[in-house]
Amino acid sequence: MKLPESFYLNSNVVEVAKSLLGKYLFTCIDGLLTGGYIVETEAYNGGIDKASHAYGNRLTSRTQTLFQHGGVAYVYLCYGIHEMLNVVTSVEGQPHAVLIRAINPTVGLDVMQHRRNMAVVKPTITSGPGSVGKALGISRKLNGISFQSDQLWIEDQGLTYAEENMVAAPRIGVAYAAEDALLPYRFYVKGNIYVSKPNR
DNA sequence: GAGCTGATTGTCT
DNA sequence: GACAATCAGCTCG
């Protein structure tokens, strides 16, 4: 069953990032179903987070999606190559989002393998935000789409993790964000092979 | 309009 | 471990 709209309206984006661990993310692009459960996320805490694109409530054509109500996708291009998927949360006007950094694939492995041009399936197939985007067929055409749609959605299939199996750590690649780079806004499942950086 | 930078990854040494 | 790939947004002029 799809997560209800209310799940995404929580104004505590850090809480949402943590509770997304173990949730199943699916895409159905060009009629091809792919998905798996989320094992790594990062929270971006709206206008007061120097690591966020919307820091200082900066409103541009790119960031306007972040200001929408929770439950839509924010997809953007990084380094000119990688399409990254975020889950927009909280109420309209609060640019909160959760970056999906890694999933444990369960459905459509052959499709993902083809999209990634991999001769053999390796854990890197969905490890890291750029890899997740590519494997799931995410493109900027999905920017602003609802997580209640039939192209992109998240399900709760009853998978949960105990506190000791979830790790909170500083985010990746945000050194420019000064003191905000140290915040423990990255969450991952301890020991899962799809987590993008070494488990500690 | 030029110049720089980034929520990264794959490849080559 | 270094670095190229490649483009949108931001800052200045």
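Nothing here was measured: the structure is a model prediction, and the numbers come from that model. Residue numbers start from 1 in every chain, and the chains themselves are labelled A, B, ... in the order their sequence lines are given, proteins ahead of strands.
You'll find the ring centres of Trp153(A) and Phe26(A) inside the 6.0 Å limit. Centroid-to-centroid, the aromatic rings of Tyr76(A) and His53(A) come within less than 6.0 Å.
Cation-pi check for Arg171(A) over Tyr44(A) is met; the charged atom lies under 6.0 angstrom from the ring centroid and within 45 degrees of its normal.
Electrostatic pairing of Glu83(A) and Arg140(A) counts as a salt bridge here, judged by a charged N lying under 4.0 Å from a carboxylate O.
Residues forming a ring pair (Phe, Tyr, Trp, His ring centres under 6.0 Å) with Tyr55(A) (at least two apart in sequence, or on another chain): none. Taking the salt bridge (charged side-chain N to carboxylate O under 4.0 Å, His left out) definition, one finds that Lys18(A) meets it with Glu163(A), sequence neighbours left out. Partners of Phe7(A) under the ring pair (Phe, Tyr, Trp, His ring centres under 6.0 Å) rule, at least two apart in sequence or in another chain, do not exist in this structure. With sequence neighbours left out, the salt bridge (charged side-chain N to carboxylate O under 4.0 Å, His left out) criterion links Lys141(A) to no other residue. Evaluation of the side-chain contact (heavy atoms from CB on, under 4.5 Å) rule for Val14(A) yields Asn12(A), Ala43(A), Tyr185(A), Phe187(A) as partners, not counting sequence neighbours. Among residues two or more places apart in sequence or in another chain, the salt bridge (charged side-chain N to carboxylate O under 4.0 Å, His left out) test is passed with Glu179(A) by Lys50(A).
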Atom pairs under 3.5 Å, N or O on each side, protein against nucleotides 10-13 of chain B: can you list them with distances?
unit_1  : atom_1 : unit_2    : atom_2 : d
dG10(B) : OP1    : Arg116(A) : NH1    : 2.6
dG10(B) : OP1    : Arg116(A) : NH2    : 2.8

If you restrict it to nitrogen or oxygen atoms, what contacts under 3.5 Å exist between nucleotides 6-10 of chain C and the protein, and what is each distance?
unit_1 : atom_1 : unit_2   : atom_2 : d
dT6(C) : O2     : Tyr79(A) : O      : 2.3

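Scanning residues 82-90 of chain A for heavy-atom distances under 4.0 Å to DNA chain B yields His82(A), Met84(A), Asn86(A). Within residues 99-112 of chain A, the residues approached by DNA chain B to less than 4.0 Å at the level of any non-hydrogen atom are Leu99(A), Arg101(A), in residue-number order.
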Dot-bracket line, read 5' to 3' along DNA chain B, where crossing pairs take [ ] and | marks a partner on another strand, Watson-Crick or G-U under 3.5 Å: ||||||.|||||.
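Of the P atoms belonging to dT5(B) and dC3(C), the separation is 16 Å, rounded to the nearest Å. Rounded to whole Å, the P atom of dC4(B) lies 15 Å from the corresponding atom of dA4(C). The gap from the C1' atom of dG10(B) to that of dA8(C) amounts to 22 Å, rounded to the nearest Å.
One atom, OH of Tyr176(A), and another, C1' of dC4(B), lie 15 Å apart when rounded to the nearest Å. A straight line from CE of Met118(A) to C1' of dT9(B) spans 12 Å, rounded to a whole angstrom. In this structure, Leu66(A) places its CG atom 12 Å from P of dA7(B), rounding to the nearest Å. What separates CD of Glu40(A) from C1' of dT8(B) is a distance of 13 Å, to the nearest Å.
Nearest approach of Thr65(A) to Val88(A), heavy atoms of both residues: O-CG2, 3.9 Å. Heavy-atom minimum distance, Ser149(A) versus Lys2(A): O-NZ, 3.1 Å.
Side chain to side chain, Ser127(A) and Ser196(A) fail the donor-acceptor criterion of an N or O pair below 3.5 Å. In the model, Thr63(A) has no side-chain atom that pairs as donor or acceptor with a side-chain atom of Arg58(A) under 3.5 Å.
Below 30°, between 30° and 60°, or above 60°: for Tyr37(A) and Tyr161(A) the angle between ring planes is between 30° and 60°, a tilted geometry.
Residues Leu32(A) make up the rest of the hydrophobic cluster containing Val111(A), defined by ILVMFWY side-chain heavy atoms closer than 4.5 Å, directly or through other members.
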